[in-house]
Participant: 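Quick one: structure below, then a few questions.
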Amino acid sequence: MDKPLKLIIEAFLFASDRPITLREIQSWLLGETPSSIALALKELQAEYDSLQRSFVLKEVAGGYQLRTQSVYAPYILRMLKTSPTRLSRAALETLAIIAYRQPALRHEIERLRGVDIGGILKTLLEKDLIRIMGRKSLPGRPLIYGTTRKFLEVFDLKDLDSLPKLREIRELGVEQEQLAQARDERQKIETSGKENAASDENEASGETST
Amino acid sequence: MDYEVKLEIFEGPLDLLLHLIQKNEVDIFDIPIATITDQYLEYLDVMQALNINVAGDFLVMAATMIYIKSKMLLPDLKDEEEEDPRFEITRPLMEYMKFKEIAGDFSERELLNRDVFVRQIQPYLREQLADEGSQLDVNLFQLMDAFRRIVDQKLPGVQLKLQLQKWSVKEKTEFIIAHLKQKGSIFFHELFSEDQTVSEFIVTFLALLELIHVGLVKALQRTAESEIRLAPSFDENGENNNG
């Protein structure tokens, strides 16, 4: 290859309609090491940033992709003559549960959302945001759901590990404490034994807030 | 007391409950169960009056709340060890709030085709780019037919293999992947060779179906009569790049 590596990679990025991986780039080039490719990608990234282009080089779904900056969204939507893709709140909540709980079973998701999700699962499957990972060896052989590569692409995630951390462990600890605290305090004020909303509220906010 | 209902569509009982808790500005750890239960039931009445179908889930929650309310009215039966009966709804509410918050975070991300955009290759262009021209996806029945033809060709021959050989689907899966990696794309019949037994055919076929099912292999056919081609849809590290 006699052309600069950086520019060849830029051409790949320019012409591709999906994120391309470092490995793929390596397979299309002759004798380039992953580290030199990674370096070139970093350089490109820095270049676009410093030139303040309308696009950036992003790491999504395990690969690299050129993406427009969000400030240009209104213009592009006008060009495409479309309205932005929308997901209902219910669909987003379901997707959030699947993303964090995968492999997830339908009944587990329904327990968390307290409502039937058959229709939502179908929508998410159709949009290719979730996939069926298999069946669990439980009575009824329930389907197991997980997220797709498209999910990572749509939600601008490098991989599943880059999902915002669920401060679950710490938070659960706090939750238990708070529950215990709430119980203690309730026992203290129990003598009155009333269920009046207003006074309950006052006492609660007065005593449990830290 | 008149209670004004601003009708919102609630996704489910937890959604309604959360709304009532926020509306009354009460602490989730100290829910005034009587007030909230009354408002909850009132809301169900309105829904029913408006002929909105009240899903069973709403009723289950109503029953739970009434049960909790009754339990709280009987302080004598309360045992020291026993936890606050209201935790039965506090716990799922906490979980629900957590995922609601995450869903909110999700929609604030830079979403593809809403906030950020990428190159799109038009389908017609993609067709031109594909070296084989337009190809039809092959369905299961066409695959089964092709398989039957191969078995039929095989059966008339004399089989005198006596040793019992076992093939695993896993082994055959690796074989197909290796084959596709090496050759790019192959004809369906290339997977089966003359010196194999029918049982080996079957294992190979099962492996192929599995690969198609998980999306690692695509079965394509130019016309209904032409040979079925198998094309890889994984990248170098064997990952599915189709989803």
Side-chain angles (χ1 to χ4, degrees), chain A residues 14-18 21 23-24 27 58 62 65-70 72-73 76 80 84-87 89-90 92-93 95-97 100 111-116 128 131 148-150 153-156 164 166 171 175 178-179 181-183 185-186 190 193 195-197 200-201 203-205 208, chain B residues 11-15 17 24-27 29-36 55-58 60-61 69 72-73 75 83-84 87 90-92 94-96 98-107 109-121 126 215 235-237 239-243:
Chain A
F14 178 80
S16 174
D17 64 343
R18 60 178 176 82
T21 65
R23 251 172 213 278
E24 281 176 315
S27 75
K58 278 257 178 183
Q65 189 172 40
L66 294 177
R67 296 189 154 201
T68 60
Q69 304 236 43
S70 57
Y72 299 99
I76 296 165
L80 296 173
T85 342
R86 282 193 199 288
L87 273 178
R89 199 160 51 91
L92 269 175
E93 283 168 26
L95 190 58
I97 295 171
Y100 281 91
R111 188 182 55 76
L112 284 167
R113 293 206 59 241
V115 67
D116 180 275
D128 195 22
R131 68 199 169 95
T148 58
R149 178 187 287 253
K150 171 115 181 269
E153 288 184 31
V154 170
F155 287 87
D156 186 25
L166 266 190
E171 222 160 61
E175 193 181 316
Q178 276 176 317
L179 287 172
Q181 202 185 343
R183 175 171 51 193
E185 271 156 20
R186 210 180 56 75
E190 202 165 78
E195 285 294 341
N196 184 298
D200 256 17
E201 176 197 328
E203 281 164 11
S205 57
T208 56
Chain B
E11 279 301 328
L14 289 172
D15 203 24
L17 205 53
N24 289 283
E25 295 179 3
V26 295
D27 187 344
F29 294 109
D30 194 13
I31 301 167
I33 196 81
T35 317
I36 297 292
D57 306 316
F58 281 96
V60 172
M61 178 60 80
K69 184 178 157 187
M72 296 200 45
L73 289 172
E83 61 168 24
D84 189 324
F87 291 177
T90 306
R91 233 177 262 116
M94 294 285 297
E95 286 264 10
Y96 181 67
K98 188 167 75 189
F99 282 107
K100 229 175 136 67
E101 199 186 308
I102 296 166
D105 292 348
F106 268 19
S107 79
R109 298 188 70 82
E110 299 209 319
L111 297 194
L112 188 63
N113 293 336
R114 186 189 75 179
D115 309 309
V116 299
F117 296 83
V118 296
R119 168 170 315 289
Q120 287 171 350
I121 294 181
R126 186 177 290 287
D235 52 43
E236 283 303 295
N237 45 24
E239 259 182 59
N240 183 355
N241 64 20
N242 207 30

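Below, chains carry the letters A, B, ... as their sequence lines are ordered, and counting in each starts from 1. It should be emphasised that the depicted structure is a prediction, and the values quoted were computed from it without experimental measurement.
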Participant: Which heavy atom of A/R89 sits nearest to which heavy atom of B/D15, and what is that distance?
Facilitator: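 Looking at all heavy atoms of both residues, the closest pair is NH2-OD2, 3.4 Å.
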Participant: Could you tell me which portion of B/L111 (side chain, backbone, both or neither) has an atom closer than 4.5 angstrom to a non-hydrogen atom of chain A?
Facilitator: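 When you check distances to chain A, atoms from both the backbone and side chain of B/L111 fall under 4.5 Å.
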Participant: In terms of heavy-atom pairs under 4.5 Å, which option from A/K58, A/R67, A/Q69, A/R131 contacts chain B the most?
Facilitator: A/R67
Participant: To check you understand the geometry: which heavy-atom pair defines the closest contact between A/L112 and B/E95, and what is its length?
Facilitator: CD2-OE1, 3.3 Å
Participant: Indicate the atoms forming the closest heavy-atom contact of A/A73 with B/R114, along with that distance.
Facilitator: CB-O, 3.4 Å
Participant: Sort A/L66 into side chain, backbone, both or neither according to what part of it lies under 4.5 angstrom from a heavy atom of chain B.
Facilitator: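 Backbone of A/L66 only, per the 4.5 Å heavy-atom cut-off to chain B.
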Participant: Quick check: closest heavy atoms across B/F106 and A/L92, and the distance to 0.1 Å?
Facilitator: CB-CD2, 4.0 Å
Participant: Roughly how far, to the nearest 0.5 Å, is CD1 of A/I97 from NZ of B/K98?
Facilitator: 10.0 Å
Participant: For B/D105, which atoms come within 4.5 Å of any heavy atom of chain A: side chain, backbone, both, or neither?
Facilitator: neither
Participant: Using every non-hydrogen atom in the two residues, find where A/D17 and B/Q120 come nearest and quote the distance to one decimal.
Facilitator: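 The answer is CB-CA, 4.4 Å.
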Participant: Looking only at non-hydrogen atoms, find the nearest pair between A/S70 and B/E110 and report the distance.
Facilitator: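 In terms of heavy atoms, the two residues are closest at OG-OE2, 3.0 Å.
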Participant: Can you tell if the side chain of A/Y100 reaches within under 4.5 Å of the side chain of B/F99, non-hydrogen atoms only?
Facilitator: yes
Participant: Which bit of A/F14 comes within less than 4.5 Å of chain B, counting heavy atoms only: side chain, backbone, both or neither?
Facilitator: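 For A/F14, heavy atoms of backbone and side chain both lie under 4.5 Å from chain B.
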Participant: Would you mind reporting whether B/Y96 and A/E93 have side-chain heavy atoms less than 4.5 Å apart?
Facilitator: yes
Participant: Using a 4.5 Å cut-off on heavy atoms from C-beta on, say whether the side chain of A/L80 contacts that of B/F117.
Facilitator: yes
